[in-house]
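In the text below, chain A, chain B and the rest are named by the order of the sequence lines, each starting its count at 1.
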Amino acid sequence: MDKFKKITSIITPLDIENVDTDQIIPARFLKAVSRDGFGENLFRDWRYDSNENLNKDFILNTFPNHSKILLAGRNFGCGSSREHAAWAIYDYGFRVVISSFFADIFKNNALNNGLLVFELNEKIIHKIFKKISLEPKLEFNIDLITQKFYSGDGSVEETFEINDYNKTCLLNGFDNIDYLLSMKDKILKFENETGR
Amino acid sequence: MSKTLFDKVWDEHIVDSIPNGPSILYIDKHLIHEVTSPQAFDGVVSRNINVMRPDRTIATADHNVPTKNQHLPIKEELSRKQVEKLTQNCNKHNIKLYGLGHKYQGIVHVIGPELGLTLPGMTIVCGDSHTSTHGAFGSIAFGIGTSEVEMVLSTQCLLQNKPKTMKIEIDGKLNKGVYSKDIILYIISKISASGGTGYFVEYSGSAIESLSMESRMTICNMSIEMGARGGMIAPDEITFEYIKGKEFAPKGDDLNNKINYWNSLRSDKDAKYDKIIKFKAEDIEPMITYGTNPGMGIKIDEKIPDFTLNSSKNSFQKSLDYMGINSGEKLKNKKIDYVFIGSCTNSRIEDLRAAAKIIQGKNKSSHVNAWVIPGSKSVEKIAVKEGLDKIFIKAGFDFRQPGCSACLAMNEDKIPKDKYCLSTSNRNFEGRQGPGSRTFLASPVTAALSAINGYVSDVRDYI
Ligand code: SF4
């Protein structure tokens, strides 16, 4: 996993609620046996119509694609457990997703892949949606160390929550499996003691 | 201290806890399939380690397998490769695989219970969100992502934050024509597709206790559709009866000892939940969804509303536009093009029996394509033994071979663009059953009857 660094970027606004993982990456693209290349099919059925023509109204097509921050409506990532959704978002170039809340499995999947996800109050999210609809070029900063999210013009400044364990993992590029493997003795002892 | 059922099972499986962070949860049973496992196996190999407990891991091929001619090589190249990769990985790591052609093959959440692999008090995970199905036995069962599959393969453990607990209590007697699918669609319509996020649910009350194991599985299966991580039901006599005699279930004295323990798996009287919601069984009627998330459900003869819980006007309208329907319309009597009876929600023998009973002696409507996909080889075998296959085929239904099929349309079973499908599966998301497909979710009985009539039908008009 890459180390999470401080981010400065414009925001891609996706003002839709209940975005499910079938929309993030449709099932027909899950046949790959590696982790790469899913970004190409991120939001595939919203980006292209059924004749494979670019849907000019969809935000990813109207917006410069170098944004690292995706701002989404509530309950983002609901539905299937497919981690391909997190891979696709990361592969496309996003490093952060912000919503008023996330589906549980998606949240774990994202954090396990170095994709920072955090929640902000719905009112604040609406305020930001509004602000960037007027000033789409406004840049925002995310500093994981201080847990701060703030706009370049100083008009937005928020602190976000993340638990210490996940924060340490993201900052250092640590991976849960390394941690669990380091606990192997304890796991074996547990198996022994409980007759497993 | 008094504990909930969830607390009891959770506490039994904690190896260690990180202060201010997640706990290490030991996993008793790990189910895997072809779609979410290949990258996890690659991870294990690149770390130069072995699968820690192959004996606690069971594999099947279900998500992208064809439902016709399963004895032939899979035509679609990428699907074939994925299934081959699963076979190679299982051989290499010594994992039991119920692949295509095996007598135990089937949808992962159908085979676990029917083979006696799923037992009360266990922790069970799988790289599929409907793992919540197994909670019907009083186990903690939930879906995980591929990195987590890799964690379990490597260490038989997961790092998990403890979820909050919610009790959903349904007391009373169920109305005629109401099946477990209607109960869960009703609950989700009341609390929304995100009302359970952050929670693990326990279903209780006399209406739940009256249900068969297969009906309980349908309810727990769809816990994820309200955002809950999982759902569980305390094991009882109905559970123990179901388990008895299952292929891999404990037998004899071993079983009796286990039952003694399983009897302790119920919430203490004064156990605390973070949230309690109560419903009356009498309020529940046959249900159907109209929108593009499972929270968008109504009673079958109700009108489509002009808003839904937890959805803005824009998102709600976007959903109706996709479905090609309007507020104020009724779905009852709406013409449908496809009927899909299948998926881990409703493809068990009880579902097939209920559907066949409605269909017997009738013919499907000529404009409807109707598919019945049994959940497993074992279900298929019983259906054939009981002659259900003949009933379906005679009525003009396509009776196919086991797999996930049109539930997620990864194989060739796809609903075409703009066509309406009345489906017994669990998700009505945009494009879920094929690009542009439009899904109404309902019970197998509603689906069967609607296939005969050619339009959305209310079972109460016929019983
Ligand atoms: S039937 Fe559908 S929901 Fe169930 S495991 Fe298969 S794809 Fe998932």
Among the listed options [options], the residue most often paired with chain B at heavy-atom distances under 4.5 Å:
| options | answer |
| --- | --- |
| A:Asn163, A:Asn75, A:Ile177 | A:Ile177 |
| A:Leu30, A:Asp178, A:Thr168 | A:Leu30 |
| A:Ile105, A:Asp45, A:Asn109 | A:Ile105 |
| A:Thr21, A:Ile16, A:Asp175 | A:Asp175 |
| A:Ser80, A:Ala32, A:Pro26 | A:Ser80 |
| A:Ala103, A:Gly79, A:Ala27, A:Gly73 | A:Gly79 |

Shortest non-hydrogen contact between [X] and [Y], atoms and distance:
| X | Y | answer |
| --- | --- | --- |
| A:Phe102 | B:Thr197 | O-CG2, 3.4 Å |
| A:Glu17 | B:Ser312 | OE1-N, 2.6 Å |
| B:Thr155 | A:Ile187 | O-CG2, 3.7 Å |
| A:Ser81 | B:Gly127 | OG-C, 3.5 Å |
| A:Val33 | B:Gln82 | CG1-CG, 3.9 Å |
| A:Asp104 | B:Gly227 | OD2-O, 3.9 Å |

Original post:
Checking side chain to side chain donor-acceptor pair (under 3.5 Å) against A:Lys31, which of B:His63, B:Glu76, B:Glu34 comes through?
Top reply: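 Exactly one pass, corresponding to B:Glu76.
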**OP:** Check each of B:Thr146, B:Asp128, B:Leu408, B:Val35 against A:Arg82 using the side-chain contact (heavy atoms from CB on, under 4.5 Å) test, and report the only one that passes.
**Re:**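 Among B:Thr146, B:Asp128, B:Leu408, B:Val35, the one meeting side-chain contact (heavy atoms from CB on, under 4.5 Å) with A:Arg82 is B:Leu408.
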**OP:** Verify, without hydrogens or angle tests, whether A:Arg28 (side chain) and B:Ala409 (backbone) share a donor-acceptor contact under 3.5 angstrom.
**Re:**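 No, because the side chain of A:Arg28 does not come within donor-acceptor range (under 3.5 Å) of the backbone of B:Ala409.
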Original post:
Is a donor on one side and an acceptor on the other found under 3.5 Å between the side chain of A:Gln23 and the backbone of B:Glu430?
Top reply: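 Yes, the answer is positive, given that a donor and an acceptor are paired below the 3.5 Å cut-off.
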Original post:
Taking 4.0 angstrom as the limit, do A:Glu191 and B:Arg53 come out as a salt bridge?
Top reply: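 Yes, charged N to carboxylate O under 4.0 Å.
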Subject >> Which atoms of B:Arg432 approach chain A - backbone, side chain, both or neither, heavy atom under 4.5 Å >> reply: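 Contact with chain A: backbone and side chain both.
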Original post:
Side chain, backbone, both or neither: which part of B:His130 has an atom under 4.5 Å from a heavy atom of chain A?
Top reply: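 Neither part.
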**OP:** Name the member of B:Arg229, B:Lys85, B:Gln156, B:Glu225 that forms the most heavy-atom pairs with chain A at distances under 4.5 Å.
**Re:**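 Counting heavy-atom pairs under 4.5 Å, the top option is B:Arg229.
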**OP:** Indicate whether the side chain of A:Glu83 and that of B:Thr36 have a donor and an acceptor atom separated by less than 3.5 Å.
**Re:**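 Per modelled atom types, A:Glu83 and B:Thr36 side chains form no pair under 3.5 Å.
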